[in-house]
Each structure stands twice: as structure tokens, then as C-alpha cells.
Number of protein chains: 2
Amino acid sequence: MAVLRIGIAGLGTVGGGLLKLAFGRGPLAAAVRVTGVSARTKGRARDVDISAIAWFDDPVALAKSPEIDVFVELMGGSEGTARKAVEAALAAGKHVVTANKALLAEHGAALAKLAAQNGAEIRYEAAVAGGIPVIKALREGLAANHINAVSGVLNGTCNYILTEMDVSGRGFAAVLADAQRLGYAEADPTLDVSGADAGHKLAILSAIAIGGAPNFAAMRLEGIQAIEPIDLESAKFLGRRVKLLAKTSRQGDQVVQSVRPTLLAQDHPIARVNGPLNAVVIDADPVGRLSLVGAGAGAGPTASAVAGDLIDLSHEDSRPVFSGPGQSQTLQAAKGGLLASSKFYVRLRVPDRAGTIAKITDTLAKHLVSIESFLQKPPEDAARVPIVLTTQPMAEHDLLEALGELSRLDVLVEAPVLMPLED
Amino acid sequence: MAVLRIGIAGLGTVGGGLLKLAFGRGPLAAAVRVTGVSARTKGRARDVDISAIAWFDDPVALAKSPEIDVFVELMGGSEGTARKAVEAALAAGKHVVTANKALLAEHGAALAKLAAQNGAEIRYEAAVAGGIPVIKALREGLAANHINAVSGVLNGTCNYILTEMDVSGRGFAAVLADAQRLGYAEADPTLDVSGADAGHKLAILSAIAIGGAPNFAAMRLEGIQAIEPIDLESAKFLGRRVKLLAKTSRQGDQVVQSVRPTLLAQDHPIARVNGPLNAVVIDADPVGRLSLVGAGAGAGPTASAVAGDLIDLSHEDSRPVFSGPGQSQTLQAAKGGLLASSKFYVRLRVPDRAGTIAKITDTLAKHLVSIESFLQKPPEDAARVPIVLTTQPMAEHDLLEALGELSRLDVLVEAPVLMPLED
């Protein structure tokens with residue numbers, strides 16, 4: 001594995017998240033060395049001390065620096081400095097890793113050509129759906145498939161607004177204002193609520209999945225500004241949910257790309273993806289329908305995607321068979337697999353006999369089993385009355401001791417059934 | 001890209017699916033040439049003519065053949081021929097692609113060592129969760145993450161049985177018998193319903209995500225045989241669902257692996273994954289929670305995963321920037337993005353005036369708009385009465401013409417809101 005020298009342009013939240021990984025104790029720190037950075041403000045306080053790293057006022061100069069192998073572009077914007085710097089890096093034969101969806105959606109074809117001419121690669125997992133590795137899934141995991149359609153919720157701001165409108169019954173403008181206060185929407189929300197941001201991401205997905213180069217200009221865009229609470233309510237009445245759906249699909253010999261509010265069936269894998277999450281659904285032969293859900297934005301998820309691309313680039317040779325995020329860990333296997341702390345579900349069957357319930361609750365209390373809920377169903381058979389209870393968080397070992405005592409007390413007519421609860 | 005010579009041992013449903021892809025017109029056909037096959041019965045009728053391919057009665061001889069670069073093992077079983085053949089291939093320095101979860105869960109450490117000694121690779125995307133590219137997501141996409149837990153529904157048979165018990169209220173034995181009749185369960189269902197099959201898959205996920213080599217022996221296994229309808233019903237009453245959850249997680253300096261029925265919160269990403277589907281949820285830093293859902297078994301999904309591994313092995317050099325399943329397609333971008341056929345949601349606002357509804361329905365009928373549902377809400381404001389309707393499947397163009405005429409008739413007090421429906 002080659003250690004890559006990387007230059008990072010843009011040290012906002014994502015760049016900051018990436019620096020933390022690069023200077024941490026995980027696999028990114030082993031794969032890269034940061035040899036240059038560039039950002040708007042040099043003096044700003046940061047989580048990671050960058051004083052020993054070469055500073056570039058001009059990102060284009062960083063992109064061309066002989067001290068870097070890979071240029072990491074985290075500035076954003078389809079024109080201006082970001083475009084110039086990426087072009088300069090590729091022209092110098094350097095690989096580019098970028099989170100810039102607008103740049104690729106609008107100039108992807110030209111940049112791909114420039115990369116090919118100079119033997120360079122462009123990696124862009126972070127440009128689509130943040131932390132969800134959908135680019136890799138489509139390009140590599142599903143490489144043998146014929147993709148019929150890719151659809152998704154690709155803009156967390158719109159999904160947050162629609163979810164809030166649905167839950168609260170309030171209108172678009174009021175919820176948008178709240179989202180702005182909470183940092184889920186920008187001061188100028190146009191790029192998000194108009195569908196353009198989702199369209200940029202869809203153009204990239206469409207190129208990979210259906211064919212051609214990204215073609216943002218051919219996309220049909222419709223935002224969520226016209227949606228009212230009555231639409232969300234009517235959709236529910238129809239057994240459906242409204243989502244801003246980005247979708248690319250084949251229609252005869254054409255590809256149809258659109259971003260538009262859509263009524264999804266309640267059991268559609270995206271219908272219950274709420275809040276600022278992203279989701280992608282792939283319909284393909286022979287794999288069938290595949291759906292991926294996760295965080296679509298934010299420092300952590302985006303840095304995870306950028307770092308994944310960088311680690312990939314560092315693996316010119318192959319990886320050991322079970323290599324993975326756990327490869328550096330040496331953990332002991334726990335004995336017996338008992339949970340140290342969990343809520344539990346317990347089903348008991350007891351005879352319908354005076355004092356039985358008291359015996360059970362006394363024994364559980366003695367073992368400090370704290371009961372969260374207790375259901376006793378009307379018995380179909382007085383010799384076998386079902387009792388279901390759930391506990392507060394506790395050690396499984398302690399619960400087993402309590403149930404062991406119940407068994408010895410001869411109040412149970414069958415062995416208890418025990419299941420943990422998961423949230 | 002090197003064309004790989006592959007030998008396939010095992011021509012059941014998955015092997016047959018793989019042959020179809022290898023002799024089709026897609027990317028697998030470009031990446032590999034099948035130079036040898038081995039199966040139990042030579043004469044059996046198959047979808048693909050294999051008479052021109054070298055036949056091996058002995059899979060071990062195929063594994064060692066100088067005419068293959070990659071040995072594809074689709075026989076199954078942790079011991080016997082499958083194990084011997086994989087060992088022979090690795091000893092001869094040949095890469096192995098396998099769907100054999102039992103083999104890797106029980107002998108993964110020894111096989112990984114043998115592979116490393118001989119400069120060979122083992123790829124096994126098909127061994128876990130069928131068509132879901134979760135091995136790739138964990139090893140590559142999330143390579144920079146610290147994985148806290150991986151949980152999943154990894155056995156479609158158990159998930160089908162639990163779903164059917166839940167829906168029908170019938171008991172385990174009756175639903176299992178049906179599942180066997182329908183081909184969702186084997187004649188001897190022990191490996192599935194005991195949790196062992198899910199455990200094999202979890203052992204592999206645990207090694208990659210949390211660390212170490214697969215350790216099936218350390219796993220806690222509990223099947224679904226003890227679950228009764230009352231448990232599914234009680235779970236619902238508690239706002240939860242019962243799933244056979246396979247989970248590996250860190251607990252202090254230990255790794256806890258278990259397969260056991262678990263009550264999931266209703267909004268847990270796996271809670272609504274029903275029928276024979278598989279699902280995996282990854283909790284990691286910094287990416288957060290990621291979930292993947294898809295077909296966990298079957299010829300198509302499993303062949304998709306095997307083929308993805310083979311295409312990966314053929315890409316020793318890098319891939320073009322927008323390469324992907326769509327790379328060989330030349331499709332035109334559709335103009336305007338209008339849907340050729342879809343159901344639609346339409347929201348109109350009209351004045352509360354006699355004859356308005358009739359005018360609307362007449363105009364829609366004239367344009368052959370077939371109405372599926374029609375909701376008229378009690379008006380809050382008589383000058384602006386909302387009407388919501390959904391259509392049968394139709395061309396968007398025709399619907400737009402109908403709505404255009406409505407606008408010209410002066411019966412609408414605002415522009416219509418139009419959304420497609422998706423299932």
C-alpha cells in the first residue's frame with residue numbers, strides 16, 4: 001500500500017472532519033500524509049494543528065504542487081476557483097477526490113476527458129448522498145447488472161421540510177424558517193428547495209447507472225415550494241407519502257431524469273425515510289431492488305466518503321482477505337454472547353392460580369429486575385396463562401438468574417421466552 | 001482490463017445465473033471467459049450451451065487447471081469437496097470467488113493464510129446477504145470508519161416465516177410447512193431456522209467490521225422455533241416487531257456476536273423489512289447509521305454478487321471516471337422529462353359555485369383522464385375549495401393538456417399541483 005501525499009483545498013466542516021481522520025489513529029492516517037492545505041482564512045481556530053503543513057493561499061498552486069499525489073477539492077461551486085484547481089490538478093496528472101456535485105454535473109464530461117488524457121483519476125463518492133457508498137455500489141458492486149432505474153431522496157433539507165410539514169401540519173414558509181434557524185437550510189435555500197442540488201447528484205447517478213456523461217441541462221426540475229399541508233394529508237389518506245424524488249430511468253431508448261415531488265406507496269423503501277436522511281433505490285437485473293439509506297450530508301458522513309476514496313486510491317495492490325475497518329482491532333470474543341445492558345422482552349406461561357403473579361413480581365423485584373410494561377392476556381387455557389413483560393435496561397446475566405429462580409419455584413408451565421429490544 | 005479465464009464448480013441455480021451473465025451482452029461477458037466447468041450431472045439441460053467448455057468431473061482438478069485464472073466455487077458446504085477444491089486453487093496461486101458462507105465462517109482464517117502465502121485473493125460478496133454489496137461497502141466504502149455494530153436480517157427463510165406468522169396469526173409449524181411447499185424453506189430447514197446460516201454470514205461480517213478472523217464457534221445462536229403468534233402480537237402492542245437479528249458489536253474490549261429473535265423499534269430501519277428480504281444496518285463513526293436492503297438469496301442476486309467480484313478482479317488498472325453498469329449504453333436524453341405512463345395526483349382549487357365539479361369532470365373525461373379517486377374536502381374558504389384526485393395510468397402529456405383546458409375554462413383559482421405516484 002502506497003502512502004499518498006494529499007493536498008486539501010477547503011477546510012470547512014468537511015475539510016475539518018477529513019483532517020481529524022487523517023491525523024487520527026485509523027486507516028486513513030495510515031494511507032495518507034497531508035502535505036498541503038488551502039482555505040479562505042489561514043488563522044482560524046481548528047481541531048487539528050495545521051501549522052506544520054505547507055499553506056497555499058491559492059488552491060490552484062496547491063493543485064499543481066509537486067509535493068502532492070492527490071488533490072482533495074472541498075471548496076464547492078461549479079465554476080471559478082474549484083473548477084480551475086481541479087483542471088490544474090488533472091492537467092498535472094494528479095488524482096482528484098471531490099465532493100463537488102455541481103462541478104461534476106455540469107462539467108463532468110470535459111473533466112473525465114482531461115483525466116483520461118493525463119492518466120489521472122477522479123473519485124467522487126462524497127458528491128452523491130454523503131456517507132452512503134452508492135457510487136461504489138453502482139460502479140463496482142452492481143457492475144454486472146442492467147440498471148432499469150435509480151431513484152432517491154437526495155436532498156436532506158427538502159426531506160426535513162416535508163417531514164416537518166407532515167408532522168406539524170404547518171406550511172412550507174414557516175417550516176423553512178425553522179429549518180434555517182436550526183441550520184438544516186441555508187440562508188438562501190434556493191439551490192435546495194428548487195430541486196437543483198438533488199438534480200446535480202442525480203445527473204451523476206444517471207451517467208453511471210444508465211449511461212453517458214452527466215447531463216444536468218436535460219433534467220426536469222421541480223421543487224417543493226408548491227407543496228401544502230393538504231397534499232401531505234391527502235397523500236396519507238391515499239395510503240401514500242410525498243417525497244422529493246430524484247429519478248432516472250429508461251423509457252424506450254431514452255433516459256428520463258427528473259426531480260419532482262412524488263407520491264410513494266407506503267411500503268416503498270423510501271416512503272418512511274424521514275428527516276434529513278438520504279436514500280437511494282436501485283432497480284436492476286439480475287439483482288432486483290436494492291435500497292440504501294443513511295446520512296446525506298454533514299462533516300462526518302462526507303469525510304467518511306472522501307476518506308474511502310483516498311484509501312481506495314492508496315490500495316494499488318490488493319487487500320488481505322478479511323481486511324476492513326476492523327482490521328487493526330484485536331478484540332476478544334465475548335463468552336456466551338450475553339448482553340451487558342439491554343431492555344428485554346419476556347414471555348412466561350403460568351397456571352391461573354391465586355398468588356402466582358405476586359410470586360413472579362416478588363422474585364423479579366428481589367433480583368432488581370425493573371419492569372417497564374406488563375401484559376396479561378385473557379387466558380384461552382387456565383392451565384397456561386401467558387404473561388408478557390418488558391424490562392428496563394439491565395444485564396442479561398441478572399435476568400437469567402431471576403428467571404432461573406422462577407423456574408425452580410415451580411410457577412412456570414414452560415420455559416420462558418426471552419428477546420432483547422433494539423432501537 | 002485483463003480478460004480472466006474462469007472455472008466454475010457448481011452449476012445449480014446460481015451457477016446457471018452466472019453462466020447467463022458470462023454469455024450475455026453485458027460487462028461480465030467482456031471481463032471473463034469460461035474455460036472450465038464442473039458439476040454433479042453433466043447431461044442436464046441448461047439455459048446456456050456448455051458443450052464447448054472443458055468439463056471436469058473432479059472440481060479439484062478444475063481448481064488446479066492451468067487453463068483458469070480464477071476458480072469460482074458454487075458448490076457449498078464447509079467441508080469435503082468444496083474445501084479441498086478451494087485449497088487446491090489457492091495453493092496453485094489462483095484467485096477464488098465463492099458464495100460459500102459456511103466454508104469462510106469455519107475455515108476463513110486458514111484459507112486467508114493460504115491465499116496470502118500464494119499471492120492469491122479470495123472474494124466473497126455473494127456469501128453474505130446475496131445481492132446486497134455489503135462486503136464492499138464495509139471493506140472499501142467505509143474503510144475509514146470505526147464500526148461500532150453491524151446488525152442484520154441475514155436469513156430470508158426465517159424472515160419470511162416470521163412475516164407470515166405475523167400477518168396470518170398462524171403458528172411456526174404451519175407456516176414452515178407452507179414455506180417448504182413454496183420453496184422458501186428447505187426440506188430439512190434446520191440450518192435456516194436454527195440461526196446457523198445467519199450465524200455463518202455474521203461471522204464474516206464481524207471479522208471485517210469489528211476485527212479478527214471469522215469465529216463461528218464463539219457465536220451465540222438462537223433460532224425462531226420458540227416464537228409464537230402471541231409474541232408477534234405482544235410486540236406490536238409494544239410498538240415493536242420481532243426479527244431474527246444477527247448482530248455483532250463491541251462491548252468494552254470484547255466483540256459480542258449473536259443471532260437471536262429481537263424486538264425492534266417500529267422505526268428501526270429493519271423493522272419493516274418483510275418477506276424473504278435481507279437487510280444490514282451499520283453503526284459507525286463518522287458515517288453514522290447506514291442501512292442496506294435487498295434480495296438475500298436466489299440465482300439472480302447471488303450471480304450479481306459473484307459477477308461483481310469477477311469484474312473487480314479483472315480491473316487491475318483503474319476504471320474510467322463515469323464507468324458503471326450504464327457505460328455501454330447510448331441513450332438519448334428525453335425532452336422535458338414527461339412520463340410516458342404513470343398514475344398522477346392532482347390538486348385543484350376551485351370556487352364553491354354550482355356546476356364547477358361537473359365542468360371539471362366533463363373536461364377530464366373528454367381528455368380520457370380516468371379518475372381513480374376523488375376527494376373533496378370541506379371548504380375553509382368558499383372562494384378556494386380544494387379538490388384532490390388521482391388518475392389511472394396515463395401519459396403526462398395528455399394530463400397536462402386536460403389541465404390546460406381547465407385553466408382556460410376559468411374554473412381554477414390557482415395553478416394545479418401535479419405529482420406522479422410511485423410504487
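Numbered from 1 within each chain, the chains take letters A, B, ... in sequence-line order. Given the structure is predicted, the values throughout are model-derived calculations rather than measurements.
Counting only heavy atoms from C-beta outward, the side chains of B:E140 and A:E140 approach each other to under 4.5 Å. The shortest side-chain heavy-atom distance between B:L238 and A:Y345 falls under the 4.5 Å cut-off.
For A:R289, the parts sitting under 4.5 Å from any heavy atom of chain B are the backbone and the side chain alike. For a residue to count as touching a neighbouring chain, one of its non-hydrogen atoms must lie under 4.5 Å from one of that chain's; by this rule A:L142 touches chain B with backbone and side chain alike. Proximity to chain B (any heavy atom under 4.5 Å) is restricted, for A:L245, to the side chain, taken from C-beta onward. Heavy atoms closer than 4.5 Å to chain A are found nowhere in B:A116, neither backbone nor side chain. A:V242 touches chain B through its side chain: at least one heavy atom from C-beta onward sits under 4.5 Å away, while N, CA, C and O do not. Contacts of B:E233 with chain A are made by side-chain atoms alone, with heavy-atom separations under 4.5 Å and no backbone atom involved. When heavy atoms are compared at a cutoff of 4.5 Å, B:I270 does not approach chain A at all. Using a 4.5 Å cut-off between heavy atoms, B:A112 touches chain A through backbone and side chain atoms alike. With a threshold of 4.5 angstrom between heavy atoms, B:S373 approaches chain A through side-chain atoms but not through N, CA, C or O. Heavy atoms closer than 4.5 Å to chain A are found in the side chain of B:T390, but not in its backbone.
Most heavy-atom pairs under 4.5 Å with chain A: of the set B:E222, B:R272, B:K243, B:K20, this distinction falls to B:R272. Counting heavy-atom pairs closer than 4.5 Å to chain A, the top-ranked of the candidates B:L28, B:L104, B:I122 is B:I122. In terms of heavy-atom pairs under 4.5 angstrom with chain A, the leader among B:P261, B:A307, B:G294, B:A279 is B:P261. By number of non-hydrogen pairs under 4.5 angstrom with chain A, the leading residue of B:P214, B:S151, B:A271, B:P269 is B:P214. Note on B:A340, B:A284, B:S291, B:A137: by heavy-atom pairs under 4.5 Å with chain A, the leading option is B:S291. No other option in A:V287, A:I230, A:L310 has as many heavy-atom pairs under 4.5 Å with chain B as A:V287.
One distance of note links CG of A:L263 with OG of B:S342; it measures 10.0 Å at 0.5 Å rounding.
Of all the heavy atoms in A:S234 and B:L375, the pair that sits closest is CB-CD1, 4.1 Å. Between B:L21 and A:A144 the shortest heavy-atom distance is CD2-O, 4.0 Å. Here the closest non-hydrogen pair linking B:A143 and A:P27 is O-CG, 3.1 Å. Heavy-atom minimum distance, A:G141 versus B:P133: CA-CB, 4.2 Å.
Here A:R347 pairs with A:E414, B:E228, B:D231 under the salt bridge (charged side-chain N to carboxylate O under 4.0 Å, His left out) rule; sequence neighbours left out.
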Indicate every side-chain donor-acceptor pair of residues 416-423 of chain A with a distance under 3.5 Å to a residue at least two apart or in another chain.
{"residue": "A:E422", "atom": "OE1", "partner": "B:K247", "partner atom": "NZ", "Å": "3.2"}
{"residue": "A:E422", "atom": "OE2", "partner": "B:K247", "partner atom": "NZ", "Å": "2.6"}
{"residue": "A:D423", "atom": "OD1", "partner": "B:R240", "partner atom": "NH2", "Å": "2.7"}

A:L290 vs B:L292, side-chain contact (heavy atoms from CB on, under 4.5 Å): CA-CA, chis, key distance, verdict: CA-CA 7 Å; A:L290 200 70; B:L292 301 92; over 6 Å; no

